[in-house]
Amino acid sequence: MARKFFVGGNWKCNGTTEEVKKIVTTLNEAKVPGEDVVEVVVSPPFVFLPVVKSLLRPDFHVAAQNCWVRKGGAYTGEVSAEMLVNLSIPWVIIGHSERRQLLNESNEFVADKVAYALSQGLKVIACIGETLEQREAGITMAVVADQTKAIAAKIPSWNNVVLAYEPVWAIGTGKVATPAQAQEVHADLRKWIHSNVSAEVASSVRIIYGGSVNGGNCKELAAQPDVDGFLVGGASLKPEFIDIINSATVKN
């Protein structure tokens, strides 16, 4: 079965109510391939989730940017998976490198979060990726394999997981992994999953790329056989996000 192209827009910590409504209007007016060709998910900050969900076209979906590792309670400042389910938010991003780096979220903590979110019925965009130092030391695959292994050990099924490979050195820096670099890591990850999870999961799980994806480089990246879509940062706040969604047609 062909893997459906997946494009996520991570709005990060950006936006006002007016700006968010403007972005949604642009998305709602866009001409893009149907849901049979591409799955589109946008991820606004928590405070804007209800307004975006209420205004966004029905063929696009909404994701939170994080959720807590267990049931809610005395965890000031956190948002639980149950709350997202209550708001009918179907997706959540977990383990983004900004949280791994700035908030010291470990591989195990990220894996626990992924498992808990899945257990509550959420779908998860699970992020992995190496730093520049790790790439230059030649340990990229060891790093992303460890990150993936932690998740694989905690989850019973990969059906509701999209794996986002985001080289930390390419996020928001303007540096992009070349299509060959992206393909190499995606292919190696798929081989790792084949050997350590199952052949079935390896062939079906979507591995998407993130790291300074824009309207200019998306088609060449999308053409790589093991790149199943994108997790887009800064460009998801701009009209060129539409071009990135439309790059899904390269797969046909």
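What you see is a predicted model; the values in this text were computed from it and never measured.
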Checklist entry - Does any donor atom in the side chain of Glu133 or Trp169 lie under 3.5 Å from an acceptor atom in the other side chain? => result no

Next on the checklist: So Asp36 and Lys4, do their side chains get closer than 4.5 Å, heavy atoms only?
Outcome noted: no

Checklist entry - Quick one: does Tyr116's side chain have a donor or acceptor within less than 3.5 Å of a partner on Lys71's backbone? => result yes

Next on the checklist: Walk me through whether Met141 and Leu189 qualify under side chain to side chain contact (heavy atoms under 4.5 Å, CB included).
Outcome noted: CA-CA 8 Å; Met141 197 52 218; Leu189 271 167; 4.1 Å; yes

Donor-acceptor pairs are to be reported for all side-chain atoms of residues 150-157 against protein atoms at under 3.5 Å, with residues two or more places apart or in another chain.
| from | atom 1 | to | atom 2 | distance (Å) |
| --- | --- | --- | --- | --- |
| Lys154 | NZ | Asp112 | OD1 | 2.8 |
| Ser157 | OG | Asn159 | N | 3.0 |
| Ser157 | OG | Asn159 | ND2 | 3.4 |

Next on the checklist: Taking CD in Glu220 as the centre, count heavy atoms belonging to other residues, nucleotides or ligands within less than 6.0 Å. Is the count above 12?
Outcome noted: no

Next on the checklist: Show the nearest heavy-atom pair for residues Arg206 and Asp228, with the distance to one decimal.
Outcome noted: CA-OD2, 3.4 Å

Checklist entry - How are the rings of Phe5 and Phe230 set to each other: parallel, tilted or perpendicular (split at 30° and 60°)? => result perpendicular

Item to check | No-hydrogen, no-angle side-chain donor-acceptor test under 3.5 Å, Glu166 and His96 | outcome: yes

Next on the checklist: Could you tell me if the side chain of Phe241 sits less than 4.5 Å from the side chain of Ile23, heavy atoms only?
Outcome noted: no

Item to check | Cluster link Ile207 to Val162, ILVMFWY, side chain under 4.5 Å | outcome: no

Checklist entry - Relative to the ring of Tyr165, is the ring of Tyr209 parallel (under 30°), tilted (30 to 60°) or perpendicular (over 60°)? => result tilted

Next on the checklist: Show me the pairs that pass salt bridge (charged side-chain N to carboxylate O under 4.0 Å, His left out) and involve residues 43-57, at least two apart or across chains.
Outcome noted: Arg57-Asp59

Checklist entry - Got Asn14 and Pro45 here, is their nearest side-chain heavy-atom distance under 4.5 Å? => result no

Checklist entry - What is the minimum heavy-atom distance between Ser43 and Gln65, and which atoms define it? => result O-NE2, 3.0 Å

Item to check | Any side-chain heavy-atom pair of Val110 and Gln147 under 4.5 Å | outcome: no

Next on the checklist: Treating Arg3 as the side-chain partner and Ser203 as the backbone partner, does any N or O pair qualify as donor plus acceptor under 3.5 Å?
Outcome noted: yes

Checklist entry - Looking only at heavy atoms, which two atoms of Arg135 and Thr140 are closest? And how far apart? => result CA-OG1, 3.4 Å

Item to check | Step-by-step side chain to side chain contact (heavy atoms under 4.5 Å, CB included) determination, Phe46 to Met83 | outcome: CA-CA 11 Å; Phe46 283 128; Met83 292 173 190; over 6 Å; no

Next on the checklist: If you compare all heavy atoms of Ala81 against all heavy atoms of Ala117, which two are closest, and at what distance to 0.1 Å?
Outcome noted: CB-CA, 4.3 Å

Next on the checklist: Between Val185 and Asp188, does the side chain to side chain contact (heavy atoms under 4.5 Å, CB included) criterion hold? Intermediate values first, please.
Outcome noted: CA-CA 5 Å; Val185 177; Asp188 285 348; 5.7 Å; no

Checklist entry - Is a side-chain donor-acceptor pair under 3.5 Å present for Asn66 with Lys113? => result yes

Checklist entry - Is there a side-chain contact between Arg100 and Val168, using heavy atoms and a 4.5 Å cut-off? => result no

Item to check | Criterion side chain to side chain contact (heavy atoms under 4.5 Å, CB included) on Leu221 and Val176, from CA distance to verdict | outcome: CA-CA 10 Å; Leu221 285 161; Val176 184; 4.2 Å; yes

Checklist entry - Are Ile193 and Val144 connected in a single hydrophobic cluster, I mean Ile/Leu/Val/Met/Phe/Trp/Tyr linked by side-chain heavy atoms less than 4.5 Å apart? => result yes

Checklist entry - More than 12 non-hydrogen atoms from neighbouring residues, nucleotides or ligands closer than 6.0 Å to NZ on Lys219, yes or no? => result no

Item to check | Closest non-hydrogen atom pair between Val41 and Ala63, with its separation | outcome: CG1-CB, 3.4 Å

Next on the checklist: Same cluster or not: Val232 versus Val227, using hydrophobic residues (I, L, V, M, F, W, Y) connected whenever any side-chain heavy atoms lie under 4.5 Å apart?
Outcome noted: yes

Next on the checklist: Under 4.5 Å between side-chain heavy atoms, counting indirect links through other Ile/Leu/Val/Met/Phe/Trp/Tyr residues: same cluster for Val47 and Leu84 or not?
Outcome noted: yes

Checklist entry - Do Ile245 and Val250 belong together in a cluster built from hydrophobic side chains that touch within less than 4.5 Å? => result no

Checklist entry - What is the minimum heavy-atom distance between Ile171 and Ser97, and which atoms define it? => result CD1-OG, 3.1 Å

Checklist entry - Hey, are the side chains of Ser236 and Val42 touching, using non-hydrogen atoms and a 4.5 Å cut-off? => result no

Item to check | Donor-acceptor contact present, side-chain Gln183 to main-chain Asp226, <3.5 Å | outcome: yes

